[in-house]
Amino acid sequence: MTLEQAKFEYLLRLGDSSLIIGHRLSEWCGHGPILEEDIALINIALDFVGNATSLLTYAAQVEGKGRTEDDLAYLRNERDYRNLLLTEQPNGDYAMTIARQFLYDVYTYFLYEELKNSKDETIAAIAVKSHKEITYHLRHTTEWMYRLGDGTEESHQRLQNGLNELWMFTSDLFDMDEVDAILIKAGIAPDLNKIKEAWEKRVKEVVAEATLQLPTSIAKQKGSREGKHTEHLGYLLAEMQYLPRTYPTAKW
Amino acid sequence: MEDSKKIEEFEAKIAAGQKIEPKDWMPEAYRKQLIRMMSQHAHSEIVGMLPEGNWITRAPSLRRKAILLAKVQDEAGHGLYLYSATETLGIDRTELLSQLHTGKAKYSSIFNYPTLTWADIGAIGWLVDGAAIMNQTALARGSYGPYSRAMVRICKEESFHNRQGYEIMMHLAQGTPEQKEMAQDALNRWWWPAIMMLGPSDDQSPNSEQLMRWKVKMESNDAIRQRFIDRTVPQAEFIGLTIPDKDLKFDAATGHYTHGPINWEEFFEVIKGNGPCNAKRLKARTDADKKGRWVREAAVAYAAKREKEKLIA
């Protein structure tokens, strides 16, 4: 695998995760628990779509085959998608959405902090912009972890259920392969073991402060690096991609 | 006698072009009418998120998706802003929302129509926001300070929404034959509802002279409707779409378009709750309210615990 190939693959991993979790958050639009949260979730979804656009635009450029960011988003199939399994999980109730977002925000917070120092200037520039946004996202989800965890008995139970259910997908966040090895060596991407340490520490702290229990189940599910997804992704893409696929010659 | 003197002062202020502010004295009828109008406007923003939100996950490009998200976010923001402005009249948001949920308060009739294709997103921005701007630029000159200032700000964002809608339509109209058909179909379905959303014609809507004098209402429905038609017809022609009104004619003598008969029966049916999506829209809102209750309760409980800790410490 060449450096360029590894970079392309890595950009898809980052970009697809943003796109898919942004899609999930946008499903809340108009249905949130309170107007302020509708606004917050749409805003965060918008950040993710923007971030995905930057990353996929750069991915298309690195690939050099004349594809555009929209080709990558709208014309790739399930098995070619590289988003983390966590990001495609359905919204569930508000606690499930907050649990998913919290686990992901802590991850991107530390990951993008490292990516700011990437030797690839474009990735570093995207990371600088995104990290500012992620800092807000994490603050938002952390506050909701506290509110729901230490709110009422019902909210506590719901959030605990959410965490328990999603925990199995967290090992996927730190799965590394040849792509990572090449990019770590080139100083372009960080070692995910390092991110994992910081992630575990922060997750533990917040979970404890929120009076919740860290799930005891073993997180074993992996597969996003090879495009082995859960059954949810196919439906999501069918919905997202239907217009460009139905009208292949149309421009929008 | 005291009241008649107060009314005199109140009216003099308005006549002099001054704004009425929340703590100023105002007649009860003025307060009630404003609560009705402003909350109806706020509800329209919130319910209006639903037909457009319907297409966010299916927007055909990343750029279109981002623009639509930003637009719907603006609408949620307008809703919040307008609820806050309405609260200055001494009623709180919970009460206003409960009026929406029980059907006591109305929202714009237009949002009871379905968004069936992507072109509907273009049509809403172009026609619905276009019509709304006509109404709102007039209201920006209204007498109640918080509402008129809200209108100034909202109109700025609405004109961006209007342009993006027209741009979607332009792309479709210049696109493949299927896209053009999609655009024409959307125009066919949204034209008359957009015409009607500006309210009953003047002979059916006895605009009290008082509301005009109090600058709660600034212009008659028909006058606003005429301005909307005059502005929109050339835009349709420019992109090669046909307004679905065979009686539409330009009258060179007056410089205005004349239009065919409006199906007011349909309008009043939709207002009564019998439009295609009334039940669906209201259910989406009440469901969100019910499903969100435990979240709001948790936030309140958490805040109370922190408050208690502060007292102990």
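First the proteins, then the strands, lettered A, B, ... as listed; each starts at 1.
Of the atoms belonging to I46(B), it is side-chain heavy atoms, and not backbone ones, that fall under 4.5 Å from chain A. Proximity to chain A (any heavy atom under 4.5 Å) is shown, for L62(B), by both the backbone and the side chain. Only the side chain of R158(A) comes within contact range of chain B, with heavy atoms under 4.5 Å apart. The part of R64(B) that comes within reach of chain A is its side chain, from C-beta onward, which places non-hydrogen atoms under 4.5 angstrom from that chain. Neither the backbone nor the side chain of M170(B) comes within less than 4.5 Å of any heavy atom in chain A. With a threshold of 4.5 angstrom between heavy atoms, I98(A) does not approach chain B through any atom at all. Both the backbone and the side chain of S61(B) come within less than 4.5 Å of a heavy atom in chain A.
None of L68(B), I67(B), V72(B), L69(B) except one satisfies the side-chain contact (heavy atoms from CB on, under 4.5 Å) rule with L46(A); the exception is L69(B).
T57(B) approaches S26(A) most closely through the heavy-atom pair CG2-OG, 3.7 Å. Shown here for I42(A) and Q73(B), the closest heavy-atom pair between the two residues is CG2-CB, 3.7 Å. When every heavy atom of A288(B) is checked against every heavy atom of G30(A), the shortest pair comes out as CB-O, 4.4 Å. The nearest pair of heavy atoms linking R58(B) to E239(A) is CG-O, 3.4 Å. Taking each heavy atom of T152(A) and A301(B) in turn, the nearest pair found is CG2-CB, 3.8 Å.
At least one donor-acceptor pair under 3.5 Å links the side chain of K305(B) to the backbone N or O of D150(A).
Scanning residues 73-87 of chain A against chain B with a 4.5 Å non-hydrogen threshold yields A73(A), Y74(A), sorted by number.
Using cut-offs of 30° and 60° for the angle between ring planes, the Y146(A) and Y302(B) rings count as parallel.
The candidate from H31(A), Q241(A), E143(A) with the greatest count of non-hydrogen atom pairs under 4.5 Å with chain B is H31(A). The most heavy-atom pairs under 4.5 Å with chain A, out of G79(B), A303(B), A59(B), G175(B), come from A59(B). Ranked by heavy-atom pairs shorter than 4.5 Å toward chain A, the options M49(B), Q179(B), R306(B) are led by Q179(B). Taking L56(A), N43(A), V49(A) one by one and counting their heavy-atom pairs under 4.5 Å with chain B, the maximum is reached by N43(A). With chain A as the partner, the residue from A298(B), G53(B), A76(B), P60(B) showing the most heavy-atom pairs under 4.5 Å is P60(B).
At a threshold of 4.5 Å between non-hydrogen side-chain atoms, the residues W252(A) and R63(B) do not count as touching.
Note that CZ of R147(A) is 14.0 Å distant from CZ of R296(B), once rounded to the nearest 0.5 Å.
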